[in-house]
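Taking it in order: structure first as structure tokens, then the write-up.
Chain A is the first sequence line, chain B the second, and so forth, proteins listed ahead of strands; every chain is numbered from 1. Values below: every heavy atom of this structure, side chains too, minus hydrogens, waters and symmetry copies.
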Number of protein chains: 2
Amino acid sequence: MSETETGTGSSPGGPRTVGRRERKKAATRKALADAALRLFLERGYDDVSVKDVAEAADVSTTTLFKHFPGKEALLFDEDESLESALVAAVSERPPGQSVPAALREHVLRTRLDAKPEFARFLALVDTTPALREQARRMWIRHEAALARAIAADAGAPEDDASCRALARFALEVPSLVRGTPDPRDAIERAFELLEHGWHARPVAPGPGGGPQRAS
Amino acid sequence: MSETETGTGSSPGGPRTVGRRERKKAATRKALADAALRLFLERGYDDVSVKDVAEAADVSTTTLFKHFPGKEALLFDEDESLESALVAAVSERPPGQSVPAALREHVLRTRLDAKPEFARFLALVDTTPALREQARRMWIRHEAALARAIAADAGAPEDDASCRALARFALEVPSLVRGTPDPRDAIERAFELLEHGWHARPVAPGPGGGPQRAS
DNA sequence: TAAAAAAGTGCAACGAATCAACTTTCTGAC
DNA sequence: GTCAGAAAGTTGATTCGTTGCACTTTTTTA
């Protein structure tokens, strides 16, 4: 243990830092999450019981449930950074770029060009129905934050219905394109719909043809 | 049980379409679904166990699981008619009406003007998180059929990505507007977005009045 | 220093879901 | 008509996720 904190006992009134206790709590929490990810990747989600995870982290199952509300939550422990990245993709987008285009680029970047470590995680989630649902639920929870960012950008009321709709639809895209043969094309088409609407859809029939794109 | 049917031996010339066996099977299935709906509405979803439902229908719990894959499935037993109505809303829409407009009307009709019997069911589902998820999952399962209908209407390939996106987004609307203060307005705005896109969003003079400019 | 609060443990229990072996129908073919 | 067998159902046990309760240990606070 590294003692890098200020002594609380000898200096009352000083900045009350984290405390040994909370550090230990965070440590066991991390041990649980790490053990869970490792075991799930090794043997598959359904072939690992919460008892296994708890024993691998050297705690009891009761303690595990004090840290995580359920088995699925063991895998989705750090999604706050995802939310801030999502908001930043809108609020700090390059000048001249529309909001749907910024979201499209963000989705393309994070889902298609994922680094291999994260890709293994995505593959595990994709192949487990229970985790697919949980992943989507966690993902959609960012709707409110994203809708706020969009509304602020567009100068609309904070709870504007159109902004909420755009946020929800954009967040739904990863789930929508899951399992399609050409995910990149599917993502681009979905955001094209959000950008210009069904009304402006190219009506040229036939696959492979190059219909005029209003970008 | 409740059917006063005559013995098969006395009238052998009857139309042997279904068979006594399948009728009994359908009867117990219906008994289970009816008991489940009744008990869930009486005491709430979480305060009714599958054992309770099975006993109310006078079967064992194992038999219940032979008919339904899980507790949640007890409530969603007749959704085929919903799918055909959905497809019909697109393929038999009034001339001159766009596809998003037709879907908007269908959603407005079925979610806002529900008859009280169905409204009680919706209220139960809305107040139970586990049922909300299941309801959405069942609902989204119609994406493929709806996307096919849209593609056929638009003269696009059967698995066109844009059509799938429109289908998914439209099906997501009921989940999106759940809990909003003005559901009708939220529905109209969401379909407005799908119809004309974010690009054509009204900025200064919005329909419906009220303060648009926050800052 | 004592008390209160929090983290952790062990054990038992409940509910959902599955499995295996067995009984009771009903169906269909000979 | 009879009989083999499929299908519905039952009992009982079992696994797994999850929660509740009583209890110990550790840390914070008064």
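Distance CG (B/D58) to P (D/dG9): 11 Å, rounded to an integer number of Å. Taking atom NZ of residue B/K24 and atom C1' of nucleotide C/dT24, one finds them 11 Å apart after rounding to whole Å. One atom, CG of B/L64, and another, C1' of D/dG9, lie 12 Å apart when rounded to the nearest Å. Between the CZ atom of B/R29 and the P atom of D/dG9 there is a distance of 11 Å, rounded to whole Å.
The side chain to side chain donor-acceptor pair (under 3.5 Å) search around A/K66 returns none, not counting sequence neighbours. For the side chain to side chain donor-acceptor pair (under 3.5 Å) test, residues two or more places apart in sequence or in another chain that qualify with A/D52 are A/R43, A/S49. Every residue two or more places apart in sequence or in another chain was checked for a side chain to side chain donor-acceptor pair (under 3.5 Å) with B/D46, and none qualifies. In this structure, A/D58 has no side chain to side chain donor-acceptor pair (under 3.5 Å) partners at least two apart in sequence or on a different chain.
No hydrogens or angles considered: nothing links the side chains of B/S84 and B/S81 as a donor-acceptor pair under 3.5 Å.
Proximity of A/H67 to the phosphate of C/dA7: no side-chain N or O atom is located under 4.0 Å from OP1 or OP2.
In the helix from C/dT1-D/dA30 to C/dC30-D/dG1, the rotation axis of the first five pairs and that of the last five pairs differ in direction by 20°, rounded to 10 degrees.
Within the structure, side chain to side chain donor-acceptor pair (under 3.5 Å) pairs that include any residue of residues 144-160 of chain B comprise A/R189-B/D160, B/R93-B/D153 (at least two apart or interchain). Screening residues 119-132 of chain A for side chain to side chain donor-acceptor pair (under 3.5 Å) gives A/D126-A/R178 as the qualifying pairs, with residues at least two apart or on separate chains. Within the structure, side chain to side chain donor-acceptor pair (under 3.5 Å) contacts touching residues 68-77 of chain A (residues at least two apart or in different chains) are A/R29-A/D77. Screening residues 50-80 of chain B for ring-ring contact (aromatic ring centres under 6.0 Å, His included) gives B/F76-B/F121 as the qualifying pairs, with residues at least two apart or on separate chains.
For DNA chain C, no neighbouring residue in residues 31-42 of chain B is found when judged by any heavy atom under 4.0 Å. For DNA chain C, no neighbouring residue in residues 125-139 of chain B is found when judged by any heavy atom under 4.0 Å.
The heavy-atom pair separating B/S162 from A/L193 by the smallest distance is O-CD2, 4.3 Å.
The main-chain N or O of B/V59 is never found under 3.5 Å from a side-chain atom of B/T63 such that the two would form a donor-acceptor pair. Looking at A/W139, its side chain does come within 3.5 Å of a backbone N or O of A/L171 through a donor-acceptor pair.
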* Asked: How would nucleotides 10-19 of chain C be written as a contact map, 5' to 3', with B for base contact, S for sugar-phosphate-only contact and - for no contact, using protein heavy atoms under 4.0 Å?
  -> BB----SBBB
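Using a 4.0 Å cut-off between charged side-chain N and carboxylate O, A/E105 and A/R109 make no salt bridge.
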